[in-house]
Amino acid sequence: MSADFMLGIDTGGTYTDAVIYSDTSGLIAKAKALTSRHDLAVGIGEALENVLQTSGIAPSSIGLVSLSTTLATNALVEGQGGRAALVMIGFGPEDLKRDGLFEALGSDPVVFLAGGHDVHGNETPLDLDALEAVLDDLSQTVSSFAVAGYFAVRNPSHEIRARDLIRARSGLPVTCSHELSSKLGGPRRALTTLLNARLVSMIDRLIGSAERYLRNRGIKAPLMVVRGDGALISSDEARLRPIETILSGPAASLVGARHLTGHANAVVSDIGGTTTDVAVMEDGLPRLDRDGAVVGGYRTMVEAVAMRTFGLGGDSEVRFDDRGLKGRIELGPRRLVPLSLAASLHETSVLPHLERQLRNAHNGRYDGRFAVRTGVPDSLAAGLQVQEASLFARLGAEPLPLDQLITVTQQVATLDRLVARGLVHICGLTPSDAMHVLGRQSQWSRQAADLGLQLAIRRKDGSGRPIASSAEDLAERIADRLSRQSVEVILASTLAEDGLSDIDPAKSILIEQALSRSEGITRFRLSLDRPLIGLGASAGVYYPAIAAMLSAECSVPADADVANAIGAVVGQVRCSVSLLVTSPEEGLYILSGDGATRRFADEGLALDTARARARELAIERAEASGAVDLSLSFSEQMEAPEIEGRKRLIEARIFATASGRPRHAREE
């Protein structure tokens, strides 16, 4: 018999949520704590301690712990992550130009090696000399390695040899492309592998923080992690393939939305501190993106919910465009630490400087902006350039105003690179600050928010007038802008689902007329064909107005603020396997896709072996992820045209999926 209670955790960019849930009684208790990026254990421990105390549940009664997170998604959206070295086997520099790989690589190092395989798994000899020559130096400047081999999905032996060499010489984490996907498309598989490598240390720290707290509190329940398609995997699997946790938080929110509202068909929009995530639910299930999730502008090979993620949230950077006669406000995509939050954490380091800047006769370029170290381990700062290291050394655990940090314009770009590496946070004006001034939020420093807005209204638009008449006026405009941009991202998502992705809601005159209810002989109106479910702590503030603009039914459940954490504990384990049988010539059948290549002279034997192996692997992986009460589904795709009067197998893809509920502590 399983333990009675389940513990759900969602670690977001701003808050860490925790819930205690029961299959029989539903939600027992919920709690929140600030996500402590410098040490994730602090925020996790505070949230879990609060929810345990609120519920009165004994730690020994917890039978399952499940974790969802937006940290991986946020990191890719914000261009952050550890520095990784990419090892390309059998590829050339020209391959970097495909699938956004060059842009994603940025300044991270890449090593090209001779080797790789052809489509049937036959090898070109591997030469590791170039890797051995630079490996010791690289190991001092990166936090992980990514290895991608030409046609490694047909034969991964060269990736494995390179991986073993790197691990033996450096001791650093290594991700191989064949471990992440069995699909063809070398550059995109290399891109996915690179992004995975960058996320390894972040997800490892997250899981490690959760495990330490659970161990110290005597909670012996299995720890599961929500995957990007909403399924659960074991924490060990998540450590190896953190890329699969992109869209983990949004996927959990969809599971939670269905559970909390009962709506089978809906548009779900989840607003957090960093991002807004929009997805469509059909017949109670989220649509999946079979081509691979797109996050931060990159299309990966990770199958996940068809969720569109936008850099728009309560902590989005407020940007002013003063080039026109009337100043415009834009939000995001970068996340800032709100001034109200920064002051609540570091009052003596923030408030005096805001007051000083306000006393100045003229508005300064960097007024209302601070920089502070994120507190990540020093090892992640390896490989900084001289200018970056010098600027980084001037920063500490207390926010430093940018008007004292930046002495020359070139340092702005240097600071941006430190932010992109996840080493530094920028503190500044956000919608959360506007909400504090308007009295719609109150958990942080209202004084700092007011000072930040007073500094901002000293800016002039293109006609020389202040951009707002008062702090309250500017706060209302920021809130209105968040609502309007939210409408635009929801429409961008729904239009794309309808095959109209070429329409940009932010630029369409017709959509503008419809949203503004413009009068005319011809009147335009638009609406959604299903309810809009708003999730997130601030959903109740924004989404009734957003739904009204979209002429949609608004559904904001009572526990919308912890929907992700609830979704984390009501999910199931699901593991899929895809194997491939190809026939390059008469009488030869090659089975690949499970980390090895096998050759057969008989077609029937090859197919039967593939079917048995797919079932075996699916069950094995589901059980490794802690699933019980398994069910198995199976499908095949055959390409066997008729040639000279008889069918000739060209390719067969065998799919097997094992699903089950997660094992609870008392079932161990």
Side-chain angles (χ1 to χ4, degrees), residues 12-15 35 37 70-81 246-247 249-250 253 269-279 294-298 307-323 327-342 368-371 374 412 415-416 419-420 422 424-436 441 449 452-453 456 459 467 474-493 496 504-507 534-539 541-543 545-546 549:
T14 303
Y15 281 106
T35 295
R37 295 197 180 194
T70 59
L71 291 184
T73 307
N74 293 349
L76 298 186
V77 168
E78 297 180 75
Q80 297 181 0
I246 61 171
L247 300 181
S253 75
S269 185
D270 186 353
I271 183 170
T274 307
T275 62
T276 292
D277 308 307
V278 186
V294 179
V295 180
Y298 302 117
M307 178 82 69
R308 288 171 174 82
T309 300
F310 303 87
L312 177 67
D315 300 345
S316 289
E317 178 180 14
V318 176
R319 297 181 289 112
F320 299 100
D321 183 355
D322 53 10
R323 290 171 295 181
R328 282 178 52 84
I329 297 173
E330 295 292 338
L331 305 178
R334 185 166 68 167
R335 174 190 181 268
L336 303 186
V337 176
L339 291 172
S340 50
L341 172 56
R369 292 286 178 109
F370 299 77
T374 60
V412 175
L415 182 61
D416 287 342
V419 172
V424 173
H425 285 317
I426 301 296
C427 312
L429 189 62
T430 71
S432 293
D433 297 309
M435 291 295 102
H436 277 76
Q441 284 183 228
L453 282 159
R459 297 175 65 102
I467 60 171
L474 181 56
E476 286 286 5
R477 290 183 58 194
I478 291 171
D480 290 345
R481 187 59 202 162
L482 191 145
S483 294
R484 178 53 186 263
Q485 278 187 234
S486 295
V487 168
E488 291 170 359
V489 301
I490 291 168
L491 284 175
S493 302
D504 185 348
K507 297 179 180 179
L535 301 178
S538 60
V541 174
Y542 293 110
Y543 275 79
I546 292 169
M549 291 190 339

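In terms of heavy-atom proximity, Tyr542 sits nearest to Pro431 at OH-CB, 4.2 Å. The two residues Arg369 and Gly428 come nearest to each other via the heavy atoms CD-CA, 4.1 Å. Heavy-atom minimum distance, Gly332 versus Arg319: O-NE, 2.7 Å. Heavy-atom minimum distance, Arg335 versus His425: NH1-CE1, 4.3 Å.
Thr276 pairs by the side chain to side chain donor-acceptor pair (under 3.5 Å) definition with nothing, not counting sequence neighbours. With sequence neighbours excluded, the residues forming a salt bridge (charged side-chain N to carboxylate O under 4.0 Å, His left out) with Asp416 are Arg334, listed by chain and number. For Ala371, the side-chain contact (heavy atoms from CB on, under 4.5 Å) criterion is met by Leu395, Leu402, Leu405, Leu415, Val424, Ile426, not counting sequence neighbours. Considering only residues two or more places apart in sequence or on other chains, Glu476 meets the salt bridge (charged side-chain N to carboxylate O under 4.0 Å, His left out) condition with Arg440. The side chain to side chain donor-acceptor pair (under 3.5 Å) check on Ser316 picks up nothing, with sequence neighbours excluded. Contacts of Ala475 classified as side-chain contact (heavy atoms from CB on, under 4.5 Å), with partners at least two apart in sequence or in another chain: Ala434, Val437, Leu438, Leu453. Partners of Arg477 under the side chain to side chain donor-acceptor pair (under 3.5 Å) rule, at least two apart in sequence or in another chain, do not exist in this structure. Qualifying salt bridge (charged side-chain N to carboxylate O under 4.0 Å, His left out) partners for Arg328, counting only residues two or more places apart in sequence or in other chains: Glu330. Under the side-chain contact (heavy atoms from CB on, under 4.5 Å) criterion, Ser493 pairs with Val278, Arg308, Phe310, sequence neighbours left out. Here Ser269 pairs with Tyr543 under the side chain to side chain donor-acceptor pair (under 3.5 Å) rule; sequence neighbours left out.
A side chain to side chain contact (heavy atoms under 4.5 Å, CB included) with Phe370 is found for one member of Leu339, Val337, Leu336 and no other, namely Leu339.
Atom CE in Met435 sits 7.5 Å away from atom CG in Leu482 (nearest 0.5 Å). A distance of 11.0 Å separates CD1 of Ile467 from CG of Asp321, quoted to the nearest 0.5 Å. Between atom CD of residue Gln441 and atom OG of residue Ser340 there is a gap of 7.0 Å, rounded to the nearest 0.5 Å. With rounding to the nearest 0.5 Å, the separation of CG in Leu429 from CZ in Phe320 is 5.5 Å. Atom CG of Leu331 sits about 11.5 Å away from atom CG of Asp315, to the nearest 0.5 Å.
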**Report entry** Asp433/Thr430 under side chain to side chain donor-acceptor pair (under 3.5 Å): CA gap, chis, key distance, verdict
**Finding:** CA-CA 5 Å; Asp433 297 309; Thr430 71; 3.2 Å; yes
Query raised in the report: Passes side-chain contact (heavy atoms from CB on, under 4.5 Å), Ile329 versus Asp480? Steps please.
Result: CA-CA 10 Å; Ile329 297 173; Asp480 290 345; over 6 Å; no
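Panel note: side chain Ser432, backbone Gly314; a donor-acceptor pair is recorded below 3.5 Å.
The residues Glu488 and Arg481 are annotated as salt-bridged, a charged nitrogen and a carboxylate oxygen being separated by less than 4.0 angstrom.
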